[in-house]
Amino acid sequence: MKYKFYPYCFFNGKIVSFESAKVSVATKALQYGMGVFGGIRGYYRKDLSGVFVFRLSDHYKRFLNSLKILGVKFPYSHKQLVDITVSLIKKNAPKSNFYLRPFAYADSLGLSPNFALDSDFDFTLYMLPLEEYLSVNKGLKVKVSSFRRLSDNAIPSRAKISGAYVNSALASKEALDNGCDEAIFLTEDGHIAEGSAENLFIVRNNTLITSPVSDEILEGITRETVMYLAKRSGINVVERKIDRSELYVCDEAFFSGTGVQISWIKEIDGRTVGNGKIGKITKLLQDLYFKVVQGFDDETESLRTFINLKK
Ligand code: PMP
């Protein structure tokens, strides 16, 4: 897939052209994956001449927590990150839905893969137009990966660490090579963790079930939103360990994530999920989620940041 980027990004402490934002090939982040990143979505509302950014503050809380887990020094506060983001959106003035990619990275050119020696992290932020990342309508074919999810004592999945996404890339490649759209990771002890870049939900007997945060998952912001919306809709929600074989007999399954939004799953390891159509709880949550992120749900106003782009 070829992506287009917005013309301005934040780099080296200021807003510059995206084209001019370049790092040395010797940068530690490039060599060793020493960075943390985020993924935030903005939804364009032509009728309001502005955009709604979803859970901006929460994304930066998790971003800073990822850096805290690494134990590195970082020169930007939560408020500065939010302010930079709002300024960049205003500068690029998007006219479609978009995705923001904040990235904190070891910008030194040192040789050793060690955070302590010389690695103050720097910050960059860029943005691109983005509609669907995985199809939300077609029904995904997924495969349980033969690659296990990284464990908390290897590279913690709760932090969004760049280098850890090699784990995701291996699982994703295996899934695509096998004619599937996406992979599902098991933990080292064989329970369901999550997708390669999204959280997983299943429905059994009208109960919405998702893996606990202690099963090597990213603490997804969409996951939390889905659980809140499900409870608000009177659906029973349970966080508990999930066995692989439960995937084969569940009534519904879907991925959640900023990128994928809510994408339903049609087939897992060659077994049809439910009746092979989008399930009623999945559909209800998907419809509600799109209302929420686009600003059509008053109860969730505090989760959105509106940026007025009127000239
Ligand atoms: N798990 C992983 C491994 C991810 O990369 C993502 C995407 N950020 C998610 C889950 C979903 O998280 P969120 O809902 O916060 O985007």
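The basis for the numbers below is simple: all heavy atoms, side chains too, and nothing from hydrogens, waters or symmetry mates. Counting convention: from 1, in listed order, for ligands and their atoms alike.
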Sub-3.5 Å N/O-N/O distance, [X] and ligand 1:
{"X": "Thr222", "answer": "yes"}
{"X": "His59", "answer": "no"}
{"X": "Ser256", "answer": "no"}

Option set Ala197, Gly257, Gly259, criterion heavy-atom distance to atom 7 (C) of ligand 1, minimum: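 Answer by nearest heavy atom: Ala197.
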Heavy atoms from other residues, nucleotides or ligands near CZ of Phe52 exceed 12 (cutoff 6.0 Å):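 Atom CZ in Phe52 is packed in, count exceeds 12.
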Run the numbers for me: atoms of ligand 1, each under 4.0 Å from some heavy atom of [X], listed by number.
{"X": "Arg149", "answer": "3 (C)"}
{"X": "Glu194", "answer": "1 (N), 2 (C), 3 (C), 10 (C)"}
{"X": "Ser196", "answer": "3 (C)"}
{"X": "Gly220", "answer": "12 (O), 13 (P), 14 (O), 15 (O)"}

From Tyr126, Tyr165, Phe103, Phe121, residue fulfilling ring-ring contact (aromatic ring centres under 6.0 Å, His included) relative to Phe37: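 Exactly one candidate clears the test, Tyr165.
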Atom 5 (O) of ligand 1: nearest protein contact (heavy atom, Å):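 Heavy-atom neighbour on the protein nearest atom 5 (O) of ligand 1: Tyr165 OH, 2.6 Å.
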Distance from atom 16 (O) of ligand 1 to nearest protein heavy atom, with residue and atom: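 Nearest neighbour among protein heavy atoms for atom 16 (O) of ligand 1, to 0.1 Å: Thr258 OG1, 2.6 Å.
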side-chain contact (heavy atoms from CB on, under 4.5 Å) evaluation trace for Val293 with Arg41: CA-CA 9 Å; Val293 293; Arg41 264 193 191 264; over 6 Å; no
